[in-house]
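Residue numbers start at 1 and run along the sequence shown.
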Amino acid sequence: MSWDSFVWFALGAVLLWAAGAFFAWKEKRVWVYVCTLAGIAVFFAFILGMWITLERPPLRTMGETRLWYSFFLPVAGIIVYSRWRYKWILSFSTLLSFVFICVNLFKPGIHSKSLMPALQSPWFAPHVIVYMFSYALLGAATIMAVYMLIRKRASASEMNLTDNLVYVGLAFLTFGMLFGALWAKEAWGTYWAWDPKETWAAATWLCYLVYLHLRKAKPEDWQSACFILLVSFVCLQICWWGINYLPSAQGLSIHTYNVK
C-alpha cells in the first residue's frame, strides 16, 4: 500500500460518511449505520495496508497520527449518534475528518519503514491510539461548548451530552497518559520527566478535571464550564502539535517524540 493511493481511500470514506450524515437528517437510521460503518471500514483498510507496507504501526509522524484522528472522528460520531441520536454529530465528524484528510494530502509527511528504538515499545501503539480516540471525543465536546456559547443558552440535555463526552474522553486521556508513562519507563528508564510534552499533557488533563469539578460544584454555571472546555482544548492542541513550535521545547525534551 503506497501513500499515493490515500486520496482514493479518503475520497471513498468521506463520501460514505457524508451519505451517513445525510441519512441521519432524513431519519433513515439503517442507512446511517451502513454508510458510516462502510466509510470507517474503507478508511481503516488504508491504515491497515500502510501498517503492512511499513511493517510497523503508522504512528510515527504527525501525518500518520492525523490518519488515526481522521479515522476516530467518525467512530466517535457514530457512537454519540447511537447513544443520544444527535443528528448534527455525524456532519461535524465528517467535516472535521475531511479537514485533517486535506492537511494530510497537502502535507503528507515522511513515511518509511524505519522506526527509532524508543518507538519500538509495545506500549507505544496503544498510547497513541487511545490518545487519538480521546482527542476525537474531547473535540466533539468542544464543538458542543462553542455551539452553546454562540446560541447563548444551554439545555440540560446538551450539557448532559457534553459532560458524557468529557467523561469518556478524559477516561481515555488518562489511559493514554498511563500507557505513555509505561512506554517512557521502557524507552528512557523513567515514568515521568516533566519535559515540555509531559508538562502540557498534565496541564491538559488538569484543565478537563477542573471542568468536571465545576460541573459538580456549580451545575447551573454552564457558561464558565464551556469557557473552561475551550481553554482545555487549546491546551490539548498545544500538547499534540503546538509544543513543536514553542521555544521551550527546542532541545529540552528527554522523551523526544512528535506524536502525542
* **Short side-chain donor-acceptor distance under 3.5 Å, Asn160 and Ser157** => no
* Asked: Arg66 and Val103: side chain to side chain contact (heavy atoms under 4.5 Å, CB included), yes or no, with the steps?
  -> CA-CA 8 Å; Arg66 282 193 295 264; Val103 173; 3.5 Å; yes
* To do: Please check if Tyr86 and Trp222 belong to a single hydrophobic cluster, counting links between Ile, Leu, Val, Met, Phe, Trp and Tyr side chain heavy atoms closer than 4.5 Å.
  => yes
* Considering all heavy atoms of both residues, which atom of Gly139 and which atom of Phe233 are nearest to each other, and what is their separation? -> CA-CE1, 3.5 Å
* Asked: Honestly curious: do Val146 and Val99 fall in one hydrophobic cluster under the side-chain, below-4.5 Å linking rule?
  -> no
* Asked: Does the Thr204 side chain pair with the main chain of Cys235, one donor and one acceptor, at a distance under 3.5 Å?
  -> yes
* Rounded distance [0.5 Å steps], CG in Leu138 versus CD1 in Ile143 -> 12.0 Å
* Spacing of CG belonging to Asp195 relative to CD1 belonging to Ile243, to within rounding of 0.5 Å -> 8.0 Å
* Asked: Is the backbone of Pro58 close enough, under 3.5 Å, to the side chain of Trp68 for a donor and an acceptor to pair up by distance?
  -> yes
* **From Asp221 atom CG to Ile228 atom CD1, the distance as rounded to the nearest 0.5 Å** => 8.0 Å
* Ignoring hydrogens and angles, tell me if any N or O in the side chain of Ser97 forms a donor-acceptor pair with the backbone of Ser70 under 3.5 Å. => yes
* Asked: Taking side chain as C-beta onward, heavy atoms only, is Leu214 less than 4.5 Å from Ser224?
  -> yes
* Going by an N to O cut-off under 4.0 Å, is there a salt bridge joining Arg56 and Glu64? -> yes
* Same apolar cluster: Leu165 and Leu95, side chain cutoff 4.5 Å -> no
* Would you call the rings of Phe44 and Phe71 parallel, tilted or perpendicular, where under 30° means parallel and over 60° means perpendicular? -> tilted
* Does some side-chain heavy atom of Met144 sit less than 4.5 Å from a side-chain heavy atom of Met159? -> no
* **In one Ile/Leu/Val/Met/Phe/Trp/Tyr side-chain cluster, 4.5 Å: Leu236, Phe227** => yes
* Give the ring-plane orientation class for Phe43 versus Trp17, where under 30° counts as parallel, over 60° as perpendicular and anything between as tilted. => tilted
* To do: Flag the pair Val32 / Ile78 as yes when at least one side-chain heavy-atom distance between them is below 4.5 Å, and no otherwise.
  => yes
* Asked: Do you know which two heavy atoms are closest between Cys239 and Lys197, and how far apart they sit?
  -> O-NZ, 3.5 Å
* Asked: With a 4.5 Å heavy-atom cut-off, do Tyr211 and Thr162 have their side chains touching?
  -> yes
* Asked: Quick check, are the ring centers of Phe46 and Trp3 under 6.0 angstrom apart?
  -> yes
* Does CH2 in Trp88 sit with more than 12 non-hydrogen atoms of other residues, nucleotides or ligands closer than 6.0 Å? -> yes
* How many angstroms lie between CG in Leu16 and SG in Cys35, if you round to the nearest 0.5 Å? -> 6.0 Å
* **Backbone N/O of Tyr33 and side chain of Thr36: donor-acceptor pair under 3.5 Å** => no
* To do: Using a cut-off of 6.0 Å, state whether more than 12 heavy atoms not belonging to Trp8 lie near its atom CH2.
  => no
* Is a donor on one side and an acceptor on the other found under 3.5 Å between the side chain of His127 and the backbone of Phe179? -> no
* If only atom types and distance count, is the side chain of Glu198 paired as donor or acceptor with the main-chain N or O of Trp192 below 3.5 Å? -> no
* With a cut-off of 6.0 Å (strictly less than), are more than 12 heavy atoms of other residues, nucleotides or ligands near CZ of Phe22? -> no
* To do: Classify the angle between the aromatic ring planes of Tyr69 and Phe100 as parallel (below 30°), tilted (30 to 60°) or perpendicular (above 60°).
  => perpendicular
* Asked: Looking only at atom types and distance, does a side-chain atom of Arg85 sit under 3.5 Å from a main-chain N or O of Tyr81, one as donor and one as acceptor?
  -> yes
* Candidate pair Ile129 and Phe72, rule side chain to side chain contact (heavy atoms under 4.5 Å, CB included), full reasoning -> CA-CA 9 Å; Ile129 292 172; Phe72 279 123; 3.5 Å; yes
* Asked: Would you call Arg151 and Glu158 a salt bridge, taking side-chain N to carboxylate O under 4.0 Å as the test?
  -> yes
* Straight-line distance of Tyr208 OH to Thr174 OG1, nearest 0.5 Å -> 12.0 Å
* To do: Indicate yes or no: at least one non-hydrogen side-chain atom of Asn164 is less than 4.5 angstrom from one of Val168.
  => no
* To do: Using modelled atom types only, decide if a donor and an acceptor are shared between the side chain of Ser5 and the backbone of Ser2 within a distance under 3.5 Å.
  => yes
* What distance separates Ser82 OG from Ile89 CD1, expressed to the nearest 0.5 Å? -> 11.5 Å
* **Path from Val7 to Met50 over hydrophobic side-chain contacts below 4.5 Å** => yes
* Residue pair Leu230 / Ala145: nearest heavy atoms and the distance that separates them -> CD2-CB, 4.5 Å
* Structure fact -> Minimal heavy-atom distance between Cys207 and Ser232, with the atoms involved, is CB-OG, 3.1 Å
* Look at the aromatic rings of Tyr135 and Tyr131 and report parallel, tilted or perpendicular, splitting at 30° and 60°. => tilted
* In chain order, what residues pass the salt bridge (charged side-chain N to carboxylate O under 4.0 Å, His left out) check against Lys28, with sequence neighbours excluded? -> none
* Does Ile101 reach the side chain of Phe6, with side-chain heavy atoms less than 4.5 Å apart? -> yes
* **Taking every non-hydrogen atom, the tightest pair across Ala141 and Leu229** => O-CD1, 3.8 Å
* To do: Quick one: closest heavy-atom pair of Trp240 and Met62, and the distance?
  => NE1-CE, 3.6 Å
* Backbone N/O of Ser91 and side chain of Thr94: donor-acceptor pair under 3.5 Å -> no
